[in-house]
Each structure stands twice: as C-alpha cells, then as structure tokens.
Number of protein chains: 2
Amino acid sequence: MIRLSKLTDYAIVVMSEMARHVGTVHTVSHLAERTGVPSPTVAKLMKTLTPAGLTTSHRGAAGGYALSRAADAISIAEIITALDGPIALTACVEGGDSQCGVQRLCPMRGGWEKVNSAIRGALEQVTLADMMGPPAWAEGPPGPLDSIGAGPGPARRAAV
Amino acid sequence: MIRLSKLTDYAIVVMSEMARHVGTVHTVSHLAERTGVPSPTVAKLMKTLTPAGLTTSHRGAAGGYALSRAADAISIAEIITALDGPIALTACVEGGDSQCGVQRLCPMRGGWEKVNSAIRGALEQVTLADMMGPPAWAEGPPGPLDSIGAGPGPARRAAV
DNA sequence: CGATACAGGACTAAATTGGTCCTGATTAAG
DNA sequence: CTTAATCAGGACCAATTTAGTCCTGTATCG
C-alpha cells in the first residue's frame with residue numbers, strides 16, 4: 001500500500017474541527033480535546049500547517065489557531081503537500097533537473113510523470129469541505145462510541 | 001510524501017528486463033546481474049509476483065521466470081496491488097464493510113473514495129510497456145555511470 | 001541420480017515515522 | 001509592570017514498518 005502519513009490523516013480531522021467554528025481561534029488543547037488527537041501531536045501539526053499558509057496563529061494569552069481560508073478553498077492536495085512533501089510517486093521526478101545519476105536505468109520517467117499529474121489532479125479537486133460531511137461529531141464530551149474504535153478518530157491507515 | 005514502496009520500484013525494473021526478452025526464462029541470478037538489484041531481493045519479488053499471476057515460473061534445472069503476459073497488458077496498478085496491497089488512501093475504505101468503529105468521526109469516507117478511484121484509474125492506464133521506454137540500459141557489464149547514483153537503478157524514493 | 005533452480009517461510013537489521021519534551025518569544029489581562 | 005497563557009522551534013526518543021538475508025524443502029532437467 002502506498003500510505004498516506006498518519007499526520008496527514010490527523011490534520012484533516014483537526015482542520016475539520018477548526019472549520020466548524022470559523023471566526024474563532026482554537027487553542028491546541030481545545031483541538032486536542034475535541035478531536036482526541038494528543039495535544040503534542042496537534043501542536044506539531046500546527047507548526048507545520050502555519051508556515052505553509054493553511055492556518056494562521058495568534059500568540060499570547062487568548063491566542064490560538066484558525067484556518068486561513070474557508071474550508072472549501074483548501075484542497076486535500078495542499079494539506080498533503082504541506083505535511084508529506086510534494087505529490088509525486090518517484091523522487092527522481094521531483095526537482096525537474098535530474099539528480100538521478102542512473103538515467104540509463106530510468107527511461108521510465110515519462111510514465112511516472114503521467115501518473116503523478118493524474119494523482120495530483122485528483123487530490124486538488126477535493127476540498128476540506130468535501131471531506132467534512134455533515135457536522136456529526138465532537139458534540140459534547142466523548143461518548144462511549146468513541147472508545148470502540150482504535151482511538152481518536154481519523155481513518156486508521158492509508159495507502160494509494 | 002505518500003511513498004511507493006521500494007520493492008514496487010524494483011519490480012518495475014526487473015519486469016522491464018524480463019519484457020525485453022520475451023519467450024525466454026530468466027533465472028533469479030540473471031535478473032539480479034542485469035538490473036543490479038541484489039538477488040535475494042529479486043527472489044523475494046518473484047515469490048510475490050508469481051502467485052499474483054504476473055509472472056510464471058518453471059522449476060528445476062533450466063528453469064526460471066517469465067512474464068505471464070505482454071508488457072503492454074500489465075498495468076502499473078496490478079504491480080502495485082500485488083506488492084503493496086489494495087490501492088486506497090485510507091484503510092477504512094478497503095473492505096467496504098466498515099470495521100471503523102468511529103463512524104461518527106469518519107464522515108469523510110465519501111471524499112476519500114472519490115480520490116481513491118481517481119488514483120486507481122490513473123494507475124490502471126499506465127502499462128509496463130509505457131514505463132520501459134527505449135531499450136537503453138543493461139547493455140553489457142555495469143559502467144561507471146551506474147555508481148554515481150544511489151545504487152542499482154530504480155528511482156530512489158516515492159511519494160504521491 | 002545429481003545438479004539446478006524455484007517455494008516458502010523465519011529471521012535480522014535498518015530506515016522512517018510518530019510522538020514527547022524542553023526552552024524561548026510574544027501577547028493579553030490584571 | 002507583572003503574570004499567565006500560548007505559540008515557535010528545535011532536539012530527541014521510541015515504535016512501527018520495510019528492506020534485505022538465509023535456510024530448508026521440492027520439483028525438474030540432463
């Protein structure tokens with residue numbers, strides 16, 4: 001399986017939570033409580049998402065994080081790129097200039113590039129809003145249902 | 001980066017080599033020599049690809065492996081599926097029946113399913129023949145060029 | 001009958017990733 | 001002005017996953 005990193009999975013859950021209350025700042029501990037993702041991990045996420053321009057931060061007391069844009073203006077591709085790096089199946093295609101010293105062995109770049117752009121396109125067309133669905137979770141304190149699964153909530157694993 | 005496993009990368013290189021000499025059986029050691037992939041690893045690859053129906057094996061002396069079909073009838077999607085499992089970004093979508101106990105937290109399945117099928121489609125449209133390009137490598141013993149890169153030859157890493 | 005080559009699994013080692021913690025800078029409130 | 005809250009930015013450790021090796025058995029050709 002070609003895996004999507006767990007961090008990315010968490011990011012979508014956390015950002016969905018932020019999207020449900022626009023115009024409010026969310027502290028790390030709040031987000032951790034509401035999503036079930038451990039707070040140090042939420043903090044780490046935000047420290048990646050903010051420089052990437054997906055979220056904005058306010059420091060000091062009464063500070064916190066907020067989405068920098070509306071949920072329907074944030075694509076899944078952006079989130080993945082921020083956390084997992086450029087969207088490409090093969091590293092040797094990334095830069096454009098081939099650091100690949102074994103070009104003789106790599107006449108397949110054209111094929112990969114075709115695949116890569118198709119995947120990129122697919123991910124760019126899905127927005128955070130598309131992933132949210134109806135607001136159906138995190139209403140009130142965690143209920144018993146929340147402990148049935150593996151834990152927090154994001155999809156357990158990932159593969160392309 | 002959403003990574004493609006290195007094994008899959010190797011598989012494409014090794015299968016390309018087999019495709020260049022159809023109608024011949026290739027022993028593990030031959031394939032290892034020609035591609036630069038260590039032979040135990042080639043052996044492991046074949047032991048996965050053969051049950052998956054992508055290659056056929058002939059035991060005994062003068063035995064070896066061969067592609068079960070022409071290169072243009074083998075899609076990249078099949079190779080990935082054989083080695084890395086089903087092509088899907090999220091595990092909770094795989095089965096169809098949701099073992100995902102946290103459905104309240106997972107209203108985003110629809111979105112992922114859309115992404116998954118787009119990616120699957122992209123990978124199914126590229127065949128092994130597309131990846132091969134002109135036969136330009138593994139002519140004669142490894143030249144100096146081969147040692148410039150990281151090693152054997154397949155693209156170094158992978159991400160979606 | 002013997003040599004060759006695949007079959008299948010167990011096992012070890014290495015790389016990546018996930019997760020934690022610490023120290024410092026910034027800002028609002030009292 | 002002082003204090004408390006909160007983000008910023010690393011370094012760091014642990015655990016999972018993946019890559020790679022080896023061993024024993026079985027089939028087939030010469």
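In what follows, chains carry the letters A, B, and so on, assigned in the order in which the sequence lines appear, proteins first and then strands, with residues in each chain numbered from 1. Below, each value reflects all heavy atoms present in this structure, side chains not excepted, and no hydrogens, waters or symmetry copies.
Listed candidates were C:dA7, D:dT6, C:dG18. Nearest to the side chain of A:S5 is C:dG18. For B:P38, taking side-chain heavy atoms from C-beta onward, the closest of the listed nucleotides C:dG19, D:dC7, D:dT21 is D:dT21. Here C:dA7 is the nucleotide among D:dC7, C:dG18, C:dA7 with the atom lying nearest to any side-chain atom of B:S57.
Of the residues in residues 40-56 of chain A, A:K47 come within less than 4.0 Å of DNA chain D through at least one heavy atom, sorted by number.
A:S68 places a side-chain N or O within 3.5 Å of a backbone atom of A:G53 that can act as its donor or acceptor partner.
By the 4.5 Å heavy-atom criterion applied to side chains, A:Y65 and A:V28 are counted as neighbours.
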Worksheet entry | Derivation of the side chain to side chain contact (heavy atoms under 4.5 Å, CB included) call for B:L7 and B:T41 | CA-CA 8 Å; B:L7 265 298; B:T41 301; 4.2 Å; yes

Worksheet entry | From CA spacing to verdict: side chain to side chain contact (heavy atoms under 4.5 Å, CB included), B:L83, B:L45 | CA-CA 8 Å; B:L83 290 163; B:L45 271 177; 3.9 Å; yes

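The nearest whole Å value for the distance from the NE2 atom in B:H26 to the P atom in C:dC6 is 12 Å. Regarding A:H30, its NE2 atom lies at a distance of 11 Å from the P atom of D:dC7, rounded to whole Å. C:dT16 atom C1' lies 16 Å from atom CG of A:L83, rounded to whole Å. In this structure, the CG atom of B:L7 is 11 Å from the P atom of D:dT21, given to the nearest Å. Spacing between atom NZ of A:K6 and atom P of C:dT20 amounts to 11 Å, rounded to whole angstrom units.
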Output a table of nitrogen or oxygen pairs between the protein and nucleotides 26-30 of chain D separated by less than 3.5 Å.
{"from": "D:dT26", "atom 1": "O2", "to": "B:R59", "atom 2": "NH2", "distance (Å)": "2.8"}
{"from": "D:dA27", "atom 1": "O4'", "to": "B:R59", "atom 2": "NE", "distance (Å)": "3.4"}
{"from": "D:dA27", "atom 1": "O4'", "to": "B:R59", "atom 2": "NH2", "distance (Å)": "3.1"}
{"from": "D:dT28", "atom 1": "O2", "to": "B:A61", "atom 2": "N", "distance (Å)": "3.3"}

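Nearest heavy atom pair, residue B:V14 against residue B:V37, reads CG2-CG2, 4.3 Å.
Taking A:T81 as the reference, A:I87 meet the side-chain contact (heavy atoms from CB on, under 4.5 Å) condition, with sequence neighbours excluded.
A salt bridge (Lys or Arg N to Asp or Glu O under 4.0 Å) check over residues 37-52 of chain A, counting only residues at least two apart or in different chains, returns nothing. Counting only residues at least two apart or on different chains, the side chain to side chain donor-acceptor pair (under 3.5 Å) pairs with a member in residues 22-32 of chain B are B:T27-B:S29, B:T27-B:H30. Here salt bridge (Lys or Arg N to Asp or Glu O under 4.0 Å) pairs that include residues 58-80 of chain B, with residues two or more places apart or in two chains, are B:R69-B:E78.
An OP1 or OP2 oxygen of C:dG18 is reached within less than 4.0 angstrom by no side-chain nitrogen or oxygen of A:Y10.
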